[in-house]
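Scroll down for the structure; my scribbles are underneath it.
Reckoned from all heavy atoms, side chains included, excluding hydrogens, waters and symmetry mates.
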Amino acid sequence: MPLALLALAIGAFGIGTTEFVIMGLLPEVASDFGVSIPTAGLLVTGYALGVVIGAPLMTVLGTKVPRKRMLMLLMGLFIAGNLLSAVAPVFAVMLIGRVVASLAHGAFFGIGSVVAAELVAPHKKAGAIAMMFTGLTIANVIGVPLGTFIGQSAGWRVTFGIVAALGVVGLAGIAKLVPELPRPEGVHLRHELAAFKNAQVLLAMAMTVLGFGGVFAAITYIAPMMTHIAGFADGSVTWLLVLFGLGMVAGNLIGGKFADRALMPMLYVSLGALAVVLALFTLTAHNKIAAAVTIALIGALGFATVPPLQKRVLDQAYGAPTLASAVNIGAFNLGNALSAWLGGLVIAAGFGYTSPNWVGAALAAAALVLAFLSAALERRDGAHGTVTASGAPAEQRTPVHH
């Protein structure tokens, strides 16, 4: 794997840390600014929605810019947002800082996925995408627990200062290691938007929203579930999230490896198993050991879907993959926001702290149904030699640049 992937992974590590570390620091931030915990929670919601909006917006702005330069500009935006959060005098300024940082998120992973795939041979593309996403998963094992610990010990502002410094390292790495990749000639916004006329691209994005949403339905409420139901101490939640992160790392690498060999079967297995494990979590949440194992499995199965879903979008939007790839990253965050809201609804309705697991299982099962539907449509279109919106035969699988 090229060294350039390491630079992309470092950027992904910083982005992953800033996205998730706020969950562990909400009480400290709320206390400092004199706001309630639900108000401080807007820092999570605002970030997720910023990703959904920023992914297509920044990618569209970047269609006129070479990909390496755009990646560097996005890391600059990320650094500025985290520095603003670190020095924010009032809550509103911190919220603006979070949104500024989030605008870089989707486009960085979207453009980064395309760059990573172009750096390697065709049969290693999903593995290269997985290598970049390893930065995001390792952030949940090392960056988030360490950032939470530093924030609780030295102050949350120090954590955001360190995250900004990580962005500087990522920026330097991209400048030094990522080769100059010319912007594909003849790729215009209209051309990129044409990919969304392809039903397969839309189906892959719907699978992303539902499949990864299943994970977040459960994990968003992991703290009350584990302390009230399983009987863990408050301090144990950090280590349970490390287990979740370790599962994510393993699932991401396995998903990348097998997606290059058999993409759709990998999706069937990971989504089907995820639905089953989430349903079982309503039972295993009552036992400490069983709960810990289940949390690691949810991380592994959830992230095993990421490289194949991202590659599926790239495959189906060949010739114009950049915007579709970035919008798919927004779809992950839309799934996060939607499932966290649905999980909160069932708890508020009085169904208990384990009820979001049923929501998650239902979402993952719905994603599996879409995967089967997508494959059935593909077989039908292949038999009829259907031409897709981008003007290439449906059965073609190699990305080309017009």
Side-chain angles (χ1 to χ4, degrees), residues 20 23 137 140-141 206-234 236-255 258-259 264-309 332 335-336 338-372:
F20 293 108
M23 295 173 189
T137 56
N140 282 277
V141 181
M207 282 185 259
T208 297
V209 171
L210 296 170
F212 208 68
V215 174
F216 256 70
I219 295 302
T220 300
Y221 301 98
I222 201 74
M225 201 187 306
M226 290 300 94
T227 52
H228 289 83
I229 307 297
F232 280 103
D234 289 353
S236 302
V237 174
T238 300
W239 299 109
L240 291 169
L241 287 172
V242 170
L243 278 179
F244 175 68
L246 287 169
M248 287 169 74
V249 173
N252 179 55
L253 294 174
I254 292 165
F258 285 97
M264 293 308 287
M266 181 68 215
L267 276 179
Y268 301 151
V269 171
S270 52
L271 288 171
L274 179 62
V276 171
V277 169
L278 283 166
L280 286 174
F281 198 22
T282 54
L283 302 175
T284 59
H286 294 269
N287 178 280
K288 286 184 180 180
I289 294 171
V293 171
T294 307
I295 288 166
L297 280 173
I298 291 169
L301 293 167
F303 240 82
T305 67
V306 175
L309 282 171
F332 282 108
N336 297 354
L338 175 70
S339 61
W341 176 68
L342 289 173
L345 281 185
V346 291
I347 291 174
F351 291 105
Y353 284 121
T354 60
S355 58
N357 300 332
W358 286 115
V359 173
L363 291 172
L368 179 61
V369 170
L370 290 185
F372 284 122

Can you list every ring-ring contact (aromatic ring centres under 6.0 Å, His included) pair that touches residues 264-299, not counting sequence neighbours?
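For residues 264-299: Y268-F372.
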Starting at [atom1] of [X], measure out to [atom2] of [Y] and round the result to the nearest 0.5 Å.
X	Y	atom1	atom2	result
K288	I229	NZ	CD1	13.5 Å
L370	L267	CG	CG	11.0 Å
F232	W239	CZ	CH2	13.5 Å
N287	T294	CG	OG1	9.0 Å
N357	T282	CG	OG1	6.0 Å
I347	M225	CD1	CE	7.0 Å

Where do L241 and N140 land on the side-chain contact (heavy atoms from CB on, under 4.5 Å) test, with the steps shown first?
CA-CA 7 Å; L241 287 172; N140 282 277; over 6 Å; no
Worked check of side-chain contact (heavy atoms from CB on, under 4.5 Å) between V306 and F332:
CA-CA 9 Å; V306 175; F332 282 108; 3.8 Å; yes
side-chain contact (heavy atoms from CB on, under 4.5 Å) involving S339 - partner list, sequence neighbours excluded:
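S339 satisfies side-chain contact (heavy atoms from CB on, under 4.5 Å) with F216, A217, L363 once adjacent residues are dropped.
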With a 4.5 Å heavy-atom cut-off, do [X] and [Y] have their side chains touching?
X	Y	value
T284	V293	no
I295	M226	yes
M207	L368	no

Heavy-atom closest pair, residues [X] and [Y]:
X	Y	value
V242	V141	CG2-O, 4.0 Å
T305	S270	CG2-OG, 3.4 Å
A218	L278	CB-CD2, 3.8 Å
A285	A291	CA-CB, 4.1 Å
G211	A367	N-CB, 3.6 Å
S355	V346	OG-CG2, 3.3 Å

Set out, in order, the CA-CA distance, both residues' side-chain angles and the distance that settles side-chain contact (heavy atoms from CB on, under 4.5 Å) for I254 and F258, then state yes or no.
CA-CA 6 Å; I254 292 165; F258 285 97; 3.6 Å; yes
Donor-acceptor pair, side chain of Y221 and main chain of T354, under 3.5 angstrom:
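Not at all, since once roles are kept as given, no pair shorter than 3.5 Å links the two residues.
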Could you go through the side-chain contact (heavy atoms from CB on, under 4.5 Å) check for F303 and T137 one step at a time?
CA-CA 8 Å; F303 240 82; T137 56; 3.3 Å; yes
